[in-house]
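To start, the structure under review is shown below, and the notes come after it.
Keep in mind the model is a prediction, meaning the values are calculated, not measured. In this chain, numbering begins with 1 at the start of the sequence shown. Counting starts at 1 for both ligands and their atoms, following the listed order.
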Amino acid sequence: MSESADLSQRLAYLSLGPADLELLAELRPVLAKHADNFVAAFYRHLLSFEPTRRLLRDPAVKERVLVMQRGYLMSLAGPTLDEAFVAERRQIGEVHERVGLEPGWFLGAYALYTSLLTPLICEVYSGDPERGSRTLVALQKLLLLDAQLAMESYIASHEQKLQYLTAEMGREGQRLGRAYEKQRAELRRTTQRAQAAEELASIATLVAGLAHEIGTPMGVIQGHAKMLESAISDDNARWRLRTIQEQIGRISKIIQTLLNMARPGRSRRMPIVLEPLLDTTLMFLSEKLAQRKIGLKRRYEPVPSVSGDRERLQQLFLNLFLNAADAMPDGGELCVCVEMSEDNEVAVRITDTGTGVPEADLPRLFEPFFTTKEMGEGNGLGLMVAKGIITDHGGHIEVNSREGEGTEFRLLFPGPGLASGDGI
Ligand code: ADP
Ligand code: MG
């Protein structure tokens with residue numbers, strides 16, 4: 001409904017018409033005469049209550065209130081009821097909403113106007129009580145119209161604020177939800193890592209025990225084989241003995257790897273700058289890479305040093321580089337990147353364009369003795385050792401691979417200030 005149609009309807013409902021306004025206009029001289037007293041009485045009344053008194057504490061506000069009350073009083077003497085009038089009256093409600101004055105207080109002020117003005121009007125029309133009472137009714141209607149408009153705009157502003165608050169709360173809720181999800185995912189990852197570290201630790205203990213058990217009889221066999229060397233003259237028998245010794249050598253190597261893995265607290269940590277360590281390790285492999293026509297790409301972004309054991313880290317990188325080289329028998333590209341991860345960890349990414357890992361094999365990669373290589377070429381311990389080393393450094397390893405396309409191993413070391421202080 002348009003503003004003017006709305007106003008006409010209101011006036012019709014209140015039956016507030018030109019006759020009323022004429023009666024009110026006649027009050028102008030009386031109101032002007034009593035304006036000072038009226039405003040003073042109004043002010044005293046406001047001072048008697050804490051919520052209204054609080055508003056008047058500021059002298060500037062007090063001055064404004066008094067000027068506005070006088071203006072309001074005079075405006076009761078036959079105002080022009082148009083859209084400008086409505087807008088001004090609505091503003092009263094908005095101001096009160098803004099200063100935090102509840103409707104009870106400003107509706108009370110309309111009652112106060114009635115009680116102050118009624119005796120005045122009765123006195124003026126003591127000779128014509130009928131006209132006096134019509135004037136009083138006209139005044140009531142006008143005050144009620146004002147109260148209506150002020151109340152409605154108070155409610156509207158209030159609702160707007162509530163709507164804003166509701167929307168803001170909704171947004172805050174979403175933000176909290178997202179933060180919660182992130183925390184939960186983080187927790188899940190941490191739990192998984194802790195579980196993996198635990199599993200690894202128990203496997204390592206088991207394997208170390210086993211290696212020790214096998215190592216002792218192996219030593220005895222090797223000793224006896226050595227003694228046989230001089231006692232055998234038959235070529236065929238010598239060849240067989242050599243094979244036995246070679247195979248014992250292989251087993252010893254595996255055992256040594258396993259024992260190395262399980263030697264706790266032997267090394268000390270120091271700050272390691274990763275880039276030169278990676279370069280040195282890659283140098284060991286340069287011949288192998290060249291032979292296989294494997295191109296090397298390096299991208300080192302500035303990262304802080306990590307706390308670690310140089311030799312073990314070198315072994316870790318070497319294991320991954322060797323695997324990458326093995327995965328590219330017909331050439332390809334090995335890419336080594338150093339960068340900060342999204343979680344502020346130091347990340348080393350080792351990517352190859354090799355055979356990739358079949359999806360079914362992915363969960364088994366880090367298991368001891370899991371290998372897809374020919375007998376004698378792989379022992380299936382490289383990745384298990386690699387995982388043990390990075391875990392000891394407080395980090396973790398991730399793998400991303402697609403069969404036929406290549407593989408990426410990502411090593412994540414605790415970022416600056418996060419390295420755990422345990423010995424390796
Ligand atoms: P090994 O190299 O002795 O086989 P590892 O533990 O180092 O043992 O690796 C286990 C297996 O994981 C490998 O046999 C191979 O199947 C797979 N693998 C490891 N790295 C890669 C890689 N970069 N590309 C493809 N497969 C890989
Ligand atoms: Mg390997």
**Study point:** Arg410 and Asn400: CA distance, side-chain angles, deciding distance, side chain to side chain contact (heavy atoms under 4.5 Å, CB included) verdict
**Key:** CA-CA 8 Å; Arg410 198 159 170 249; Asn400 213 321; over 6 Å; no

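- Close placement of the Phe38 and Tyr113 rings is indicated, their centers lying within 6.0 Å of each other.
- No more than 12 heavy atoms of other residues, nucleotides or ligands sit less than 6.0 Å from atom NZ of Lys62.
- Ligand 1 lies less than 4.0 angstrom from a heavy atom belonging to Gly356.
- Residue Asp326 has no N or O atom closer than 3.5 Å to an N or O atom of ligand 1.
- Of the protein's non-hydrogen atoms, the one nearest atom 6 (O) of ligand 1 is Leu383 N, 2.8 Å.
- Glu339 places a side-chain heavy atom less than 4.5 Å from the side chain of Arg349.
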Point to revise | Verdict with supporting geometry, Asp146 and Lys141, salt bridge (charged side-chain N to carboxylate O under 4.0 Å, His left out) | key: CA-CA 9 Å; Asp146 285 354; Lys141 292 177 191 171; over 6 Å; no

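- Residue nearest to atom 10 (C) of ligand 1, selected from Phe369, Phe321, Phe370: Phe370 (by heavy-atom distance).
- The shortest N/O to N/O separation between Thr355 and ligand 1 does not fall below 3.5 Å.
- A donor-acceptor contact shorter than 3.5 Å links the side chain of His96 to the backbone of Ile92.
- Counting non-hydrogen atoms of other residues, nucleotides and ligands closer than 6.0 Å to CE of Met68 gives a total of 12 or fewer.
- Numbered from 1 in the order shown, with element, the atoms of ligand 1 that lie under 4.0 Å from a heavy atom of Phe409 read 20 (N), 23 (N).
- Evaluated by nearest non-hydrogen atom to atom 1 (P) of ligand 1, the leading choice among Pro368, Ala325, Gly380 is Gly380.
- Between Gly382 and ligand 1, at least one pair of N/O atoms sits closer than 3.5 Å.
- Here the heavy atom of the protein found nearest to atom 7 (O) of ligand 1 is Asn323 ND2, 2.8 Å.
- Atom 27 (C) of ligand 1 has Val357 CG2, 4.0 Å as its closest protein atom, hydrogens excluded (heavy atom only).
- Contact check on Arg298 versus Asp279 returns a salt bridge, with a Lys/Arg side-chain nitrogen under 4.0 Å from an Asp/Glu carboxylate oxygen.
- In summary, no N, O or S atom of Thr371 is located under 2.8 Å from the Mg ion (ligand 2).
- Between Thr114 and Tyr110, every side-chain heavy-atom pair lies at or beyond the 4.5 Å cut-off.
- Atoms of ligand 1 found under 4.0 Å from any heavy atom of Thr371, numbered from 1 in the order shown, are 1 (P), 4 (O), 14 (O).
- Side-chain polar atoms of Asn319 and Lys387 form no donor-acceptor pair below 3.5 angstrom.
- For atom 22 (C) of ligand 1, the candidate residues are Leu362, Val399, Asp352; the nearest heavy-atom contact is made by Asp352.
- Set against the non-hydrogen atoms of Gly378, the atoms of ligand 1 under 4.0 Å away are 3 (O).
- Of all protein heavy atoms, the one closest to atom 2 (O) of ligand 1 is Lys373 NZ, 2.6 Å.
- Each of the atoms 12 (O), 17 (C) of ligand 1 lies under 4.0 Å from some heavy atom of Leu365.
- Atom numbering of ligand 1 starts at 1 in the shown order; those under 4.0 Å from a heavy atom of Ala327 are 22 (C), 24 (N), 25 (C).
- Heavy atoms of Thr372 found under 4.0 angstrom from ligand 1 belong to the backbone as well as the side chain.
- Note on Asp326 versus Lys373: salt bridge recorded, some NZ/NE/NH1/NH2 to OD/OE distance being below 4.0 Å.
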